[in-house]
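For reference, the structure discussed in these notes is given below.
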2 protein chains.
Amino acid sequence: MASSTVENYLKAALLHEQAHGGIVPMGALVEALAVVPGTVTTMVKAMAAQGLLAHEARQGVRLTPVGRALALGVLRKHRLVETFLVRTLKMDWSEVHDEAEALEHAVSDRVLARMDEFLDHPTTDPHGDPIPDAEGRIADTARQATLETCAANKPLRVARILDQSPDFLAYAQDCGLKPGARVKVLQRDAAGGVVRCETKPGQELTLGLPAAAKIVVGAAA
Amino acid sequence: MASSTVENYLKAALLHEQAHGGIVPMGALVEALAVVPGTVTTMVKAMAAQGLLAHEARQGVRLTPVGRALALGVLRKHRLVETFLVRTLKMDWSEVHDEAEALEHAVSDRVLARMDEFLDHPTTDPHGDPIPDAEGRIADTARQATLETCAANKPLRVARILDQSPDFLAYAQDCGLKPGARVKVLQRDAAGGVVRCETKPGQELTLGLPAAAKIVVGAAA
DNA sequence: TCTTGTATTTTGAGTAATCAAAATAGTATG
DNA sequence: CATACTATTTTGATTACTCAAAATACAAGA
Ligand SMILES: [Mn+2]
Ligand SMILES: [Mn+2]
Ligand SMILES: [Mn+2]
Ligand SMILES: [Mn+2]
């Protein structure tokens, strides 16, 4: 029913809503979809006419319940496909995002259900991103601590990487910062803009604050 | 580079060429792609301009070497995906054709290579159709015997089913006629238009000639 | 040869998605 | 408050693919 283009717009709106809350400015869609502003205005009007989102003139868009349900379905496909590519086909976690970007529009619900079963119903993808369940429920991940904001000198684990770019993921892997890895913040220097961490005993690592903000951490259960 | 539409035209031309040889009439593409004749003329002109096929006015098309190479790549994706869906995700062989019809355009060469490895380089798909290798070489399957044409009273094996429709495949499965299954033709009645076969000892089966012609058989090694 | 019938092509039109560039609205700054 | 800046919208085109319906070419049959 919905074209790949429409699905991409819906997913972009959902991700922005999850990351920032409230209305999604047109500019966010311009950026996410890499098109010119006029294109977004045109598409948004068409999608609003279809009841997928509400367009507030000069402000931005909000997903309707129908639009959000569709967006969650696309996000579920994206993240299950990523999980499949890494776990089953042994692809590198830094290359699967782009592959999933295309496959999320081609995998049917039937295939997805078989894949979910095959993978034993995973709840997070290789980047630590939560996978919505078949009914569209998704774990709330708002206000989680990152290496930029967490407490120092406590044993933690990497929970999620907030940057899907191959470059950053390759770098994170190099540093031993994959989801599940242990970390401890040794010292945070706000003036210098760096965070000093320990990954393994003796393995130290200094990260810039923007990079540190992309590493979500949780208690080292 | 090539759109899904172009890939579908190329694959249809290749399949027709493999089944009938020589030039592919416009009408064959009309049928295969379920579009109106004028649409085919338009698309064919565009594709000829791109060097994917040669258009002989009022006659039909021939694949160029470039077009054929692309078509073989699409066919390889289609059949590897089908194999994957049946072997790994345990889907029914009668439903995978339609799924593969969409996935063949979304699976990248990188993913395909991993899948090929994972499946241990299969050479035929679940319907017995040969899978082109990574260089586009494909087993020649012209002039193989079918239940309509093969010798009687010799132990044989089903090699391939030439009809991908879910209905026919479900029927074939019911009759125990999956690739690899043993069969023997007991008697052929050209006047009555039927073939009487034995699948298992004691299990007899009577097939109409059109159906029999869709079951490719080979020696029961 | 004339007449049909069928396959193919042409013509005219429409939809989805896009861009470039000009117009506009709203916000922030002096 | 006037000005400037920025985000958004509008306008006018373009590309890819599609259909409906009319025109045309070709191969047979009478
Ligand atoms: Mn996508
Ligand atoms: Mn992910
Ligand atoms: Mn296809
Ligand atoms: Mn097949």
Side-chain angles (χ1 to χ4, degrees), chain A residues 1-13 16-17 19-63 66-67 70-71 74 101-102 104-106, chain B residues 1-13 16-17 19-63 66-67 70-71 74 101-102 104-106:
Chain A
M1 261 314 51
S3 67
S4 298
T5 303
V6 165
E7 289 188 340
N8 283 333
Y9 275 73
L10 290 173
K11 180 159 65 85
H16 192 278
E17 166 187 296
H20 303 93
I23 200 164
V24 182
M26 305 300 270
L29 298 176
V30 168
E31 168 114 4
L33 296 155
V35 291
V36 306
T39 301
V40 169
T41 303
T42 307
M43 277 301 297
V44 156
K45 279 185 175 174
M47 290 170 67
Q50 290 188 238
L52 301 177
L53 29 86
H55 181 202
E56 326 225 323
R58 301 262 160 197
Q59 300 278 296
V61 300
R62 283 178 214 281
L63 288 165
V66 173
L70 282 177
V74 178
E101 205 54 57
E104 66 191 357
H105 313 293
Chain B
M1 252 327 37
S3 66
S4 298
T5 303
V6 166
E7 290 187 340
N8 284 332
Y9 274 74
L10 291 172
K11 180 159 64 87
H16 191 280
E17 166 186 298
H20 304 94
I23 200 164
V24 182
M26 305 300 269
L29 298 176
V30 168
E31 167 113 6
L33 296 154
V35 291
V36 108
T39 302
V40 169
T41 302
T42 306
M43 277 301 298
V44 156
K45 279 184 177 175
M47 291 170 68
Q50 289 188 238
L52 301 176
L53 24 93
H55 181 200
E56 326 225 323
R58 302 261 161 197
Q59 301 277 296
V61 300
R62 282 178 216 281
L63 288 164
V66 174
L70 284 177
V74 179
E101 205 54 57
E104 66 191 358
H105 313 293

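In what follows, chains carry the letters A, B, and so on, assigned in the order in which the sequence lines appear, proteins first and then strands, with residues in each chain numbered from 1. Everything numeric in this text was worked out from a predicted model, so none of it was measured.
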- Message: One pair to check against side-chain contact (heavy atoms from CB on, under 4.5 Å): B/Y9 and B/V24. What are the steps and the verdict?
- Response: CA-CA 11 Å; B/Y9 274 74; B/V24 182; over 6 Å; no
- Task: Evaluate side-chain contact (heavy atoms from CB on, under 4.5 Å) for B/V66 paired with B/Q50, printing each intermediate quantity in order.
- Result: CA-CA 10 Å; B/V66 174; B/Q50 289 188 238; over 6 Å; no
- Would A/L70 and A/L52 satisfy side-chain contact (heavy atoms from CB on, under 4.5 Å), going step by step from the backbone distance to the final call? CA-CA 9 Å; A/L70 282 177; A/L52 301 177; 3.7 Å; yes
- Verify side-chain contact (heavy atoms from CB on, under 4.5 Å) between B/H105 and A/H105, making sure each step is shown before the conclusion. CA-CA 11 Å; B/H105 313 293; A/H105 313 293; over 6 Å; no
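Phosphate contact (OP1/OP2 of C/dT10, side-chain N/O of B/K45, threshold under 4.0 Å): present. OP1 or OP2 of D/dT9 has at least one side-chain nitrogen or oxygen of A/H55 nearer than 4.0 Å. Checking the phosphate oxygens (OP1, OP2) of D/dA16, no side-chain nitrogen or oxygen of B/S3 falls inside 4.0 Å.
Regarding A/Q59, its CD atom lies at a distance of 9 Å from the P atom of D/dT9, rounded to whole Å. Taking atom CD on A/Q50 and atom C1' on C/dA17, their separation rounds to 13 Å, with Å as the unit. Atom CE in B/M1 sits about 16 Å away from atom P in D/dT15, given to the nearest Å. The CE atom of A/M26 sits 16 Å away from the P atom of C/dA25 (whole-angstrom rounding). The separation between B/M43 atom CE and C/dT8 atom C1' is 17 Å, rounded to whole Å. Going from atom CD of A/E56 over to atom C1' of D/dT9 covers 16 Å, rounded to whole Å. Atom pair A/L29:CG and D/dT8:P shows a separation of 9 Å (rounding to whole Å applied). Atoms CG (A/L52) and P (C/dA16) sit 13 Å apart, rounded to a whole Å.
Judged by distance alone, with hydrogens and angles left aside, A/R58 brings a side-chain donor or acceptor within reach of the base of C/dT24, the pair sitting under 3.5 Å.
Ranking C/dA17, C/dT9, C/dC19 by closeness to the B/T41 side chain, first place goes to C/dT9. For B/T39, counting side-chain heavy atoms from C-beta on, the closest listed nucleotide (C/dC19, D/dT18, C/dT9) is D/dT18. Among the nucleotides D/dT8, D/dT18, C/dT18, the one closest to any side-chain atom of B/V35 is D/dT18. Nearest to the side-chain atoms of A/V36 among the listed nucleotides C/dC19, C/dT8, D/dC19 stands C/dC19. Residue A/P25 places its side chain closer to D/dT8 than to any other of C/dT8, D/dT8, C/dA17.
Using a 4.0 Å heavy-atom cutoff across all strands shown, A/A57 reaches sugar-phosphate atoms only and no base atom. Using a 4.0 Å heavy-atom cutoff across all strands shown, B/T5 reaches sugar-phosphate atoms only and no base atom. Base contact: A/G38 has a heavy atom under 4.0 Å from a base atom.
Shown here is B/E31, whose CD atom has no more than 12 heavy atoms of other residues, nucleotides or ligands within 6.0 Å.
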